[in-house]
Amino acid sequence: DVMNKQREIIYAQRRQVLDGKDLHETVLNMMRTSISNHVSLAMSEVQHVDAAGLRDMLRGLEGMYFAPGAVTFTDEELASITPPIMRELERVIMLRVVDEYWMDHIDAMDDLKQGIRLQSYGNNNPVDVYKRESLTMFEEMVSAIQDETVRRLYSVRLKKDEEVKRERVAKGMVENVGGD
């Protein structure tokens, strides 16, 4: 019975692959689980991982999640990225990415609204098409924001003795008081 149950699970997964099912979420969950297991193993008996422990943990991920030697840091660099600096960096990057992508999304929604009238010529209800297309565009924007935030967090380089500064992204914007 145990073997039959295991066989059913494996064959169900194989069927999903062979039937062409979108496996994106499944793969992401596999990645999360793999990384989580790796970190849990490295942290199993310690409350805080030192630089040597972090290097060992990252060495185990090389070749699987990034190229060997791609992630290097000195003890001083590791110590310099304190939790408050990292939290501020996360806030600054996320705010910038959200602002950039939101402004692009607003423009894209305006373009969609301008072009949606043509849908009635194809016997489509323009309102239904607008709702469907705008939802797809919004979901794509949210996904792109997540990807870009993570990408920038992994590629950011802080200069020594400089604090993280917030910058105004949308210069010259005026508040729309009476509009939609």
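For clarity, every value in this text was computed on a predicted model and none was experimentally measured.
K21 places none of its side-chain heavy atoms less than 4.5 Å from the side chain of R15. V142 has its side chain out of reach of E139: every pair of non-hydrogen atoms, C-beta onward, lies at least 4.5 Å apart.
In terms of hydrophobic clustering, with Ile, Leu, Val, Met, Phe, Trp and Tyr side chains grouped at heavy-atom distances under 4.5 Å, W102 and I93 are assigned to a common cluster. Both F138 and I145 sit in one connected hydrophobic cluster of ILVMFWY residues. Membership requires side-chain heavy atoms under 4.5 Å apart, directly or through other members. Residues M141 and M137 are members of separate hydrophobic clusters, defined by side-chain heavy-atom contacts under 4.5 angstrom among Ile, Leu, Val, Met, Phe, Trp and Tyr. Under a hydrophobic clustering in which Ile, Leu, Val, Met, Phe, Trp and Tyr are joined whenever their side-chain heavy atoms come within less than 4.5 Å, directly or via other members, L135 and M109 fall into different clusters.
Distance NZ/K131 to OG1/T136: 14.0 Å, rounded to 0.5 Å. Between the CG atom of L112 and the NE2 atom of H105 there is a distance of 9.0 Å, given to the nearest 0.5 Å. One finds the CZ atom of R132 at 9.0 Å from the CG atom of N125 (value rounded to the nearest 0.5 Å). Distance check, rounded to the nearest 0.5 Å: CD1 of I116 to CD of Q114 gives 11.0 Å. With rounding to the nearest 0.5 angstrom, the CG atom of D111 is 12.0 Å from the CD1 atom of I106.
Side-chain atoms of N124 never come within 3.5 Å of backbone atoms of P126 as a donor-acceptor pair (strictly under, hydrogens ignored).
Within a 6.0 Å radius of CE in M94, no more than 12 heavy atoms belonging to other residues, nucleotides or ligands are found.
Ion pairing between a basic and an acidic side chain is recognised when a charged N comes within 4.0 Å of a carboxylate O; R152 and E100 show such pairing.
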